[in-house]
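Below is one structure, written out as structure tokens, with a few remarks after it.
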Number of protein chains: 2
Amino acid sequence: MGFDRELLKGSIALLLLRLLSERDMYGYEIIQESMRRSQDAFEFKEGTLYPALHQLHKRGYIRSEWRTGENGKQRKYYGLTAAGKKAARRSEQEWFSFTKVVNAILSKANT
Amino acid sequence: MGFDRELLKGSIALLLLRLLSERDMYGYEIIQESMRRSQDAFEFKEGTLYPALHQLHKRGYIRSEWRTGENGKQRKYYGLTAAGKKAARRSEQEWFSFTKVVNAILSKANT
DNA sequence: GTTCATACCTCGTTATGCGATGTATAAGGT
DNA sequence: ACCTTATACATCGCATAACGAGGTATGAAC
């Protein structure tokens, strides 16, 4: 991943919820899309992604549906439920306030 | 803590290193100081703090020293080693680039 | 016809936050 | 004198989670 792996924790769900709030996506697409947007700095591992998706599903935040892609391959598309959309907004808010607090502590440590 | 606990992971070491780069502090002081700076939004738990400090010590990033405070109580002061100062700069850099990437993914998800 | 990209998944290891719990001292109230 | 509270250190065990490794299946390309 490039980053200290520990930094990632907690932001996984946030990223998934926000990505899916844009449009329905299938697993492999999520991996590629997040790499593309981060210029390969960020790479979802499959061992991370699928369990995370399933967990969000279990929590009722996402729904899943098999569709056949243009290439004839079966793809499992994931999308947000109503609760998921709420959770997306909530977790994004939490992310902003969290980074704000960390940055506050950091900046005061510089003086 | 208020936040999704998972968000914290990985930023703990960062915060400790940056706080100690400012001045030597003892454990209890770190807890109070981080609460003060975040307006009580951020509270280090003792079960989190001390193991984290010991781990940083084991990695050679911090040194510790018992001193007697003005109130007559024994306090264990922690400070950064040379390696710790380097690690502080490194982890701060990593934090900034990490938040940049996450924000990049988030912002594109809004369009 | 074999290799590669696509596409899904699970399991076990490892790491870690932190609640619970324990110890000890000093201060302050009653 | 006694109790509570704040200070100050620490450990242990539970639960959670990232992810490397491994597994299966399909279509395309060479």
Side-chain angles (χ1 to χ4, degrees), chain A residues 1-17 24-36 42-59 61-62 64-78 91 94 98 101-102, chain B residues 1-17 24-36 40 42-59 61-78 91 98 102:
Chain A
M1 190 66 78
F3 303 112
D4 183 338
R5 343 170 0 148
E6 295 309 317
L7 270 181
L8 267 302
K9 302 192 177 190
S11 48
I12 304 272
L14 162 73
L15 290 174
L16 289 180
L17 289 172
D24 285 11
M25 294 175 84
Y26 56 97
Y28 209 77
E29 189 183 6
I30 293 175
I31 292 173
Q32 297 178 310
E33 185 65 13
S34 52
M35 282 179 72
R36 192 182 65 75
F42 194 98
E43 189 200 350
F44 265 114
K45 302 304 189 323
E46 293 184 282
T48 304
L49 177 69
Y50 291 110
L53 283 173
H54 298 158
Q55 204 211 16
L56 289 175
H57 184 261
K58 215 163 43 182
R59 286 191 198 164
Y61 292 157
I62 62 180
S64 66
E65 180 192 1
W66 284 100
R67 293 181 207 162
T68 308
E70 325 90 30
N71 61 358
K73 298 194 69 133
Q74 284 291 303
R75 288 165 174 169
K76 199 178 197 173
Y77 278 83
Y78 294 94
S91 66
E94 203 162 72
F98 173 69
V101 165
V102 171
Chain B
M1 188 67 79
F3 302 112
D4 183 338
R5 345 172 357 150
E6 295 308 317
L7 269 182
L8 268 302
K9 302 193 177 187
S11 48
I12 304 271
L14 161 72
L15 290 174
L16 289 181
L17 289 172
D24 286 9
M25 294 174 84
Y26 57 97
Y28 209 76
E29 189 183 6
I30 292 174
I31 294 173
Q32 297 178 310
E33 185 65 12
S34 51
M35 280 178 73
R36 192 182 65 75
D40 290 351
F42 194 97
E43 190 200 350
F44 265 113
K45 301 304 188 325
E46 293 184 281
T48 304
L49 176 69
Y50 290 110
L53 283 172
H54 298 158
Q55 204 211 19
L56 290 174
H57 184 261
K58 214 164 45 182
R59 285 191 200 163
Y61 292 157
I62 62 179
R63 50 178 173 67
S64 65
E65 180 192 3
W66 284 99
R67 294 181 206 161
T68 307
E70 327 89 32
N71 61 356
K73 298 195 70 135
Q74 284 290 302
R75 288 165 174 170
K76 200 178 197 174
Y77 277 83
Y78 293 95
S91 65
F98 172 69
V102 171

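So you know, we letter chains A, B, ... as the sequences are listed, proteins then strands, and number each from 1. Reckoned from all heavy atoms, side chains included, excluding hydrogens, waters and symmetry mates.
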Could you go through the side chain to side chain contact (heavy atoms under 4.5 Å, CB included) check for B:Gln74 and B:Thr68 one step at a time? CA-CA 5 Å; B:Gln74 284 290 302; B:Thr68 307; 2.7 Å; yes
Would you call the rings of A:Phe44 and A:Phe42 parallel, tilted or perpendicular, where under 30° means parallel and over 60° means perpendicular?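 The rings of A:Phe44 and A:Phe42 stand perpendicular, inter-plane angle above 60°.
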Evaluate the criterion side chain to side chain contact (heavy atoms under 4.5 Å, CB included) for residue pair B:Gln32 and B:Met35; output intermediate values, then yes/no. CA-CA 5 Å; B:Gln32 297 178 310; B:Met35 280 178 73; 5.7 Å; no
Between atom [atom1] in [X] and atom [atom2] in [N], what is the gap in whole Å?
X: B:Glu43; N: C:dG19; atom1: CD; atom2: C1'; value: 12 Å
X: A:Phe44; N: C:dA7; atom1: CZ; atom2: P; value: 17 Å
X: B:Leu16; N: C:dT16; atom1: CG; atom2: P; value: 13 Å
X: A:Gln55; N: C:dC11; atom1: CD; atom2: P; value: 16 Å
X: A:Ile31; N: D:dC19; atom1: CD1; atom2: P; value: 12 Å
X: A:Arg75; N: C:dA7; atom1: CZ; atom2: C1'; value: 9 Å
X: B:Trp66; N: D:dT7; atom1: CH2; atom2: C1'; value: 12 Å
X: B:Leu56; N: C:dG17; atom1: CG; atom2: C1'; value: 14 Å

So, B:His57 side chain and B:Leu53 main chain: donor-acceptor pair closer than 3.5 Å or not?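 Checking the backbone N and O of B:Leu53 against the side chain of B:His57, no donor-acceptor pair under 3.5 Å is found.
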How long is the gap from [atom1] on [X] to [atom2] on [Y], to the nearest 0.5 Å?
X: B:Ile30; Y: B:Tyr50; atom1: CD1; atom2: OH; result: 8.0 Å
X: A:Thr48; Y: A:Ile12; atom1: OG1; atom2: CD1; result: 5.5 Å
X: B:Leu16; Y: B:Met25; atom1: CG; atom2: CE; result: 9.5 Å

Counting the atoms with a prime plus P, OP1 and OP2 as sugar-phosphate, which does [X] contact under 4.0 Å by heavy atoms, base, sugar-phosphate, or nothing?
X: B:Tyr77; value: nothing
X: B:Gly27; value: sugar-phosphate
X: B:Gln32; value: sugar-phosphate
X: A:Lys76; value: sugar-phosphate

Does a side-chain heavy-atom distance below 4.5 Å link A:Glu29 with A:Tyr77?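 Sidechains of A:Tyr77 and A:Glu29: in contact.
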Quick one: are B:Tyr78 and B:His54 in side-chain contact, heavy atoms under 4.5 Å?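 Yes, close enough: below the 4.5 Å cut-off.
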B:Tyr28 side-chain proximity, nearest of C:dT10, D:dT7, C:dC8: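 In terms of side-chain proximity for B:Tyr28, the closest of C:dT10, D:dT7, C:dC8 is D:dT7.
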Side-chain N or O of A:Tyr26 less than 4.0 angstrom from OP1 or OP2 on C:dC8?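 Indeed not, no polar side-chain atom of A:Tyr26 lies that close.
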Could you tell me whether the phosphate oxygens of D:dT11, OP1 or OP2, come under 4.0 Å of any side-chain nitrogen or oxygen in B:His54?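 Affirmative; the distance criterion is met.
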Provide a list of protein-nucleic acid N or O atom pairs under 3.5 angstrom, restricted to nucleotides 28-30 of chain D.
none

Members of residues 46-53 of chain B that approach DNA chain D, where some heavy atom sits under 4.0 Å away: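 Of all residues in residues 46-53 of chain B, the ones placing a heavy atom under 4.0 Å from DNA chain D are B:Glu46, B:Gly47, B:Tyr50, B:Pro51.
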Atom of B:Gly27, atom of B:Leu49 and distance for their closest heavy-atom approach: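 For B:Gly27 and B:Leu49, the tightest heavy-atom pair comes out as O-CD2, 3.3 Å.
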